[in-house]
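So the structure is just underneath, and the comments pick up after that.
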Amino acid sequence: MSVTKKRVLVTGGAGFLGSHLCERLLADGHDVLCVDNYFTGRKDNIAHLLPNPNFEALRHDVCFPLYVEVDEIYNLACPASPIHYQHDPVQTTKTSVSGAINMLGLAKRLRCKIFQASTSEVYGDPSVHPQTEDYRGNVNPIGPRACYDEGKRCAETLFFDYYRQHKLRIRVARIFNTYGPRMHPNDGRVVSNFIVQALKGEPITIYGDGSQTRAFCYVDDLIEGFVRLMAASDEVTGPINLGNPVENTVAQLAARIIDLSGSRSRIEYRPLPVDDPVQRCPDITRARNVLGWEPRVPLEIGLRHAIEFFDRLLSEGAEPAPALSPTV
Ligand SMILES: NC(=O)c1ccc[n+]([C@@H]2O[C@H](COP(=O)([O-])OP(=O)(O)OC[C@H]3O[C@@H](n4cnc5c(N)ncnc54)[C@H](O)[C@@H]3O)[C@@H](O)[C@H]2O)c1
């Protein structure tokens with residue numbers, strides 16, 4: 001397939017999703033500028049891309065304006081797991097809000113398309129299942145998760161105001177739980193937590209009784225959704241849910257991981273953290289109809305890839321630090 005080579009900016013490009021997106025854009029023949037302050041991202045995630053002449057990495061904090069020349073912007077910069085975003089909540093809100101203002105300002109100057117990595121967290125602890133894009137959410141504005149949830153909600157507001165006020169071409173994706181290689185080993189997210197515990201033969205910690213459900217999307221599927229959304233016609237602004245609608249209970253996930261990793265770990269139950277949603281599942285009808293997109297990688301295959309990655313990481317001696325606070 002022949003593509004028009006574009007200069008693409010990926011903020012948060014050294015993170016989990018960002019590094020996979022950079023990889024995909026390079027494979028599609030584009031020129032990629034990865035911008036990251038390495039708060040949660042790692043140079044190791046992009047080390048293999050550095051020899052590519054179409055790839056460039058720049059250390060920069062999106063809370064400050066950026067002056068570069070590009071044709072498209074994917075704005076992913078933001079810590080994504082509760083442990084990381086609650087570490088410095090004021091900085092988290094600044095990253096979402098000032099980061100959005102700075103990147104939207106850049107897109108306005110360049111008249112280029114801009115994509116926002118929003119989140120299912122904008123739905124908070126939802127009272128409808130599965131969540132459609134017109135559900136307005138149930139977010140606690142003063143809770144410990146608010147710096148992330150409200151920061152992302154405000155970023156969406158800014159995107160739609162730039163769209164209405166400045167006729168900017170925007171794309172807003174609401175991303176649901178995604179997993180795969182290069183997830184942080186110690187960020188307390190359920191898939192990485194369980195895999196690391198299983199590989200180390202430690203007890204698998206389930207917060208709550210394990211009956212809460214989560215729907216997990218493999219990273220390659222998600223990135224395909226990003227690229228399709230960016231390529232869609234300009235009327236497709238989103239918000240559009242991207243995630244896997246197949247639900248699993250957390251207890252089922254633990255059993256699957258124990259089985260696939262051949263582990264002897266047992267399960268330990270702990271109390272649920274504050275504001276933790278009991279159920280979260282995307283309605284992806286809009287993504288199916290508008291983008292012709294749906295996840296293709298079965299959980300078992302995706303988990304095998306993730307287990308391989310963590311197995312390698314642990315065997316290289318990368319000992320994950322203990323989780324600061326629990327989350328699923
Ligand atoms: N992974 C998921 O399941 C998921 C779900 C919903 C939404 N998202 C969103 O997708 C995006 C990427 O998430 P991820 O899972 O790859 O997380 P990640 O933490 O691996 O990546 C975030 C990246 O942003 C960088 N960053 C943070 N603050 C920055 C700043 N001020 N300036 C520049 N760079 C900064 C980090 O160093 C990191 O490389 C985030 O915006 C997140 O909110 C992810």
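Throughout, numbering of the chain's residues begins at 1 and tracks the sequence. Bear in mind that the values here come from a model prediction, so they are computed numbers and not experimental data. Both ligands and their constituent atoms are indexed starting at 1 by order of listing.
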Check: Tell me: protein heavy atom nearest atom 32 (N) of ligand 1, and distance?
Finding: V62 N, 2.9 Å
Item checked: R136 atom CZ, neighbour heavy-atom count above 12 within 6.0 Å -> no
Next item on the list: Considering the heavy atoms of G41, write down every atom of ligand 1 situated less than 4.0 Å from one of them.
Entry: 36 (C), 37 (O), 38 (C), 39 (O)
Notebook entry, point to check: Is there a heavy atom in T11 that sits closer than 4.0 Å to ligand 1?
Noted result: no
Item checked: Pairing residues for E150 by the salt bridge (charged side-chain N to carboxylate O under 4.0 Å, His left out) criterion, not counting sequence neighbours -> R153
Notebook entry, point to check: Which residue holds the protein heavy atom closest to atom 12 (C) of ligand 1, what is that atom called, and what is the gap in Å?
Noted result: L76 O, 3.7 Å
Item checked: Residue, atom name and distance, where the atom is the protein heavy atom closest to atom 22 (C) of ligand 1 -> C78 O, 3.2 Å
Check: Can you list the ligand 1 atoms lying under 4.0 Å from a non-hydrogen atom of G12?
Finding: 23 (C), 24 (O), 25 (C), 39 (O)
Checklist line | Ligand-side contact atoms (ligand 1) for residue partner Y38, heavy atom cut-off under 4.0 Å | finding: 37 (O)
Check: Just heavy atoms, cut-off under 4.0 Å: does H60 contact ligand 1 by side chain, backbone, both, or neither?
Finding: backbone
Check: Can you say whether the rings of H166 and Y162 are parallel (under 30°), tilted (30 to 60°) or perpendicular (over 60°)?
Finding: tilted
Next item on the list: Considering only NZ, NE, NH1 and NH2 on the basic side and carboxylate oxygens on the acidic side, decide whether E300 and R304 come within less than 4.0 Å.
Entry: yes
Next item on the list: Return yes or no for this condition: an N or O of A77 is under 3.5 Å from an N or O of ligand 1.
Entry: no
Check: With a cut-off of 4.0 Å, which atoms of ligand 1 are near a heavy atom of T119?
Finding: 6 (C), 7 (C)
Notebook entry, point to check: If you measure from the Lys or Arg side-chain nitrogens to the Asp or Glu carboxylate oxygens, is any gap between D234 and R171 under 4.0 Å?
Noted result: yes
Check: Of the protein's non-hydrogen atoms, which lies at the shortest distance from atom 16 (O) of ligand 1, and what is that distance?
Finding: L17 N, 2.8 Å
Notebook entry, point to check: Between S265 and S263, is any side-chain donor less than 3.5 angstrom from a side-chain acceptor?
Noted result: yes
Note to self: Please report whether ligand 1 has a polar contact with P79, defined as an N or O pair separated by less than 3.5 Å (distance criterion only).
What the structure shows: no
Next item on the list: Indicate the ring-plane relationship of F216 and Y179, choosing parallel, tilted or perpendicular according to the 30° and 60° boundaries.
Entry: perpendicular
Check: So, does R189 sit close enough to ligand 1 that a heavy atom of it is under 4.0 Å from the ligand?
Finding: yes
Checklist line | Pick from I175, L66, D61, N75: the one approaching atom 9 (C) of ligand 1 most closely through a non-hydrogen atom | finding: I175
Next item on the list: With heavy atoms under 4.0 Å as the rule, classify the contact between S118 and ligand 1 as side chain, backbone, both or neither.
Entry: backbone
Check: How does K152 reach ligand 1, if at all, at less than 4.0 Å between non-hydrogen atoms: by side chain, backbone, both, or neither?
Finding: side chain
Next item on the list: Verify side-chain contact (heavy atoms from CB on, under 4.5 Å) between H184 and H84, making sure each step is shown before the conclusion.
Entry: CA-CA 10 Å; H184 303 257; H84 291 134; 4.0 Å; yes
Notebook entry, point to check: Are any of the N or O atoms of F16 closer than 3.5 Å to those of ligand 1?
Noted result: yes
Check: What part of T95, side chain, backbone, both or neither, has a heavy atom within less than 4.0 angstrom of ligand 1?
Finding: side chain
Notebook entry, point to check: Any sub-3.5 Å donor-acceptor pair from S315's side-chain atoms to R312's backbone N or O?
Noted result: yes
Item checked: Option with minimal heavy-atom separation from atom 13 (O) of ligand 1, where the choices are C63, A80, S81, G15 -> A80
Next item on the list: Report the part of H184 (side chain from C-beta onward, or backbone N, CA, C, O) that has a heavy atom under 4.0 Å from ligand 1; answer both or neither where that applies.
Entry: side chain
Margin query: Against ligand 1, does A14 come closer than 4.0 Å with any heavy atom?
Written below: yes
Margin query: Against C112, only a single residue in V8, D71, I73 fulfils side-chain contact (heavy atoms from CB on, under 4.5 Å); can you say which?
Written below: I73
Check: After noting the C-alpha distance and the side-chain angles of K152 and E121, does the key distance pass the salt bridge (charged side-chain N to carboxylate O under 4.0 Å, His left out) rule?
Finding: CA-CA 8 Å; K152 289 285 188 180; E121 303 284 340; over 6 Å; no
Check: Identify the closest protein heavy atom to atom 36 (C) of ligand 1: which residue and atom is it, and at what distance?
Finding: T40 OG1, 3.1 Å
Notebook entry, point to check: Step by step, would you call E72 with F115 a side-chain contact (heavy atoms from CB on, under 4.5 Å)?
Noted result: CA-CA 8 Å; E72 283 180 355; F115 170 105; over 6 Å; no
Check: Taking C-beta and beyond as the side chain, do F39 and D61 meet within less than 4.5 Å on heavy atoms?
Finding: no
Next item on the list: Run the numbers for me: atoms of ligand 1, each under 4.0 Å from some heavy atom of N177, listed by number.
Entry: 3 (O)
Notebook entry, point to check: Would one find an N or O of N37, backbone or side chain, under 3.5 Å from an N or O of ligand 1?
Noted result: yes
Item checked: Within reach of ligand 1, part of Y148 (heavy-atom separation under 4.0 Å) -> side chain
Margin query: Any donor-acceptor pair under 3.5 Å linking the side-chain atoms of S233 with those of E235?
Written below: yes
Next item on the list: Assess the side chains of N193 and Y207: does a donor N or O sit below 3.5 Å from an acceptor N or O?
Entry: no
Notebook entry, point to check: atom 25 (C) of ligand 1: which of N45, D36, T178 has the nearest heavy atom?
Noted result: D36
